[in-house]
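Worksheet for the structure shown next.
What you are looking at is a predicted structure, and each value in this text was computed from that prediction instead of being measured. Below, each value reflects all heavy atoms present in this structure, side chains not excepted, and no hydrogens, waters or symmetry copies.
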Amino acid sequence: MESTSKEHNFIPIRQIQGADILNLLNCAGISERFFNHSRAWFIQRLNNNIVNGKPVSFTPPELFKLRTALKILAYEITDFATNIPNIPTDMAIKVYVIDNPEAIQYFIYDDIEGFKEYLASDDMLDFPSPEYFDTEAEALSFCTGIGYGTDERATPERYPLCTCEEADLPFIDAIENY
């Protein structure tokens with residue numbers, strides 16, 4: 001005699017690679033938001049508990065819903081993380097984007113002494129606040145494309161100075177002590 005209930009494969013969720021992340025998630029929130037069930041219902045399936053004498057697991061549609069729920073949460077966590085202000089630390093990498101044509105000439109020709117003289121000659125120069133980055137890769141990615149337009153022989157309209165570039169450090173120090 002065939003069973004009237006649809007059988008499904010038993011999926012041991014906790015044995016899937018990366019399942020440790022489940023220890024950090026709010027199971028009650030996931031269960032209520034995505035499944036309209038109690039925390040106990042969710043945990044029983046997550047841990048393959050015995051219910052009414054049989055081990056339980058998520059059905060294929062519930063597994064699909066769990067995958068979708070985790071992807072939604074991953075997106076929401078990433079979105080939230082990008083909205084947290086990047087507060088500068090001692091380890092942060094600073095990038096100054098300079099748009100002063102005369103100052104840019106000193107950077108291009110690596111003339112730190114001329115740049116210091118330029119700063120000393122004018123007490124009304126205005127330099128922008130730096131952008132802060134957590135990694136050198138992020139800072140260099142930000143700098144990509146800043147500087148030259150269609151003609152690389154022309155003086156750039158904007159020039160990045162980055163604390164992860166050794167050659168830029170004397171110029172940054174001069175700006176910060178201006």
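When hydrophobic clusters are built by joining Ile, Leu, Val, Met, Phe, Trp and Tyr residues whose side-chain heavy atoms come closer than 4.5 Å, directly or via intermediates, Y96 is grouped together with Y109. Side-chain heavy atoms closer than 4.5 Å link hydrophobic residues (I, L, V, M, F, W, Y) into clusters, and following such links, possibly through other members, connects I175 to I108.
A distance of 10.0 Å separates SG of C143 from OH of Y159, quoted to the nearest 0.5 Å. Rounding to the nearest 0.5 Å gives a distance of 9.5 Å between CD1 of I43 and OG of S38. Once rounded to the nearest 0.5 Å, the distance linking CG of L46 with CD1 of I30 reads 8.5 Å. Expressed to the nearest 0.5 Å, how far CG of N36 lies from CD of E32 amounts to 9.0 Å. Here C164 contributes atom SG and L140 contributes atom CG; the two are 4.0 Å apart, rounded to the nearest 0.5 Å.
For Y118, the ring pair (Phe, Tyr, Trp, His ring centres under 6.0 Å) partners are Y106, not counting sequence neighbours. For I16, the side chain to side chain contact (heavy atoms under 4.5 Å, CB included) partners two or more places apart in sequence, or in a different chain, are I11, I13. Checked against side chain to side chain contact (heavy atoms under 4.5 Å, CB included), P55 has the following partners two or more places apart in sequence or in another chain: F10, I50. Taking E76 as the reference, R33 meet the salt bridge (charged side-chain N to carboxylate O under 4.0 Å, His left out) condition, with sequence neighbours excluded. With sequence neighbours left out, the salt bridge (charged side-chain N to carboxylate O under 4.0 Å, His left out) criterion links E136 to no other residue. With sequence neighbours left out, D122 forms a side chain to side chain contact (heavy atoms under 4.5 Å, CB included) with M124, L125. Qualifying side chain to side chain donor-acceptor pair (under 3.5 Å) partners for N52, counting only residues two or more places apart in sequence or in other chains: none. A search for side chain to side chain contact (heavy atoms under 4.5 Å, CB included) contacts involving F142 returns V95, V97, E131, F133, I146, not counting sequence neighbours. Applying the salt bridge (charged side-chain N to carboxylate O under 4.0 Å, His left out) test to K116 and every residue at least two apart in sequence or in another chain returns nothing.
Panel note: side chain E62, backbone T59; a donor-acceptor pair is recorded below 3.5 Å. Side-chain N or O atoms of D173 include none that pairs as donor or acceptor with a backbone N or O of L169 at under 3.5 Å.
In summary, the aromatic rings of F42 and F58 are positioned with their centroids under 6.0 Å apart.
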Under 3.5 Å, sequence neighbours excluded: what are the donor-acceptor pairs made by side chains of residues 65-75?
{"from": "T68", "atom 1": "OG1", "to": "F64", "atom 2": "O", "distance (Å)": "2.9"}

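Applying the salt bridge (Lys or Arg N to Asp or Glu O under 4.0 Å) test to every pair with at least one member in residues 94-115, sequence neighbours left out, gives these pairs: K94-E176. Sorted by first and then second residue, the pairs that involve residues 12-24 and meet side-chain hydrogen bond (donor to acceptor under 3.5 Å, both in side chains), not counting sequence neighbours, are R14-N23, R14-N47.
In this structure, the side chains of T135 and I93 stay at 4.5 Å or more apart for every pair of heavy atoms. The shortest side-chain heavy-atom distance between F127 and L119 falls under the 4.5 Å cut-off. Looking at S31 and H37, their side chains come closer than 4.5 Å, going by heavy atoms from C-beta outward. Side-chain contact check for D168 versus T163: every heavy-atom pair is 4.5 Å or farther apart.
In this pair, W41 and F35 present their aromatic rings tilted. The plane angle is within the 30 to 60° band.
Considering every non-hydrogen atom in both N48 and S57, the closest pair reads ND2-CB, 3.3 Å.
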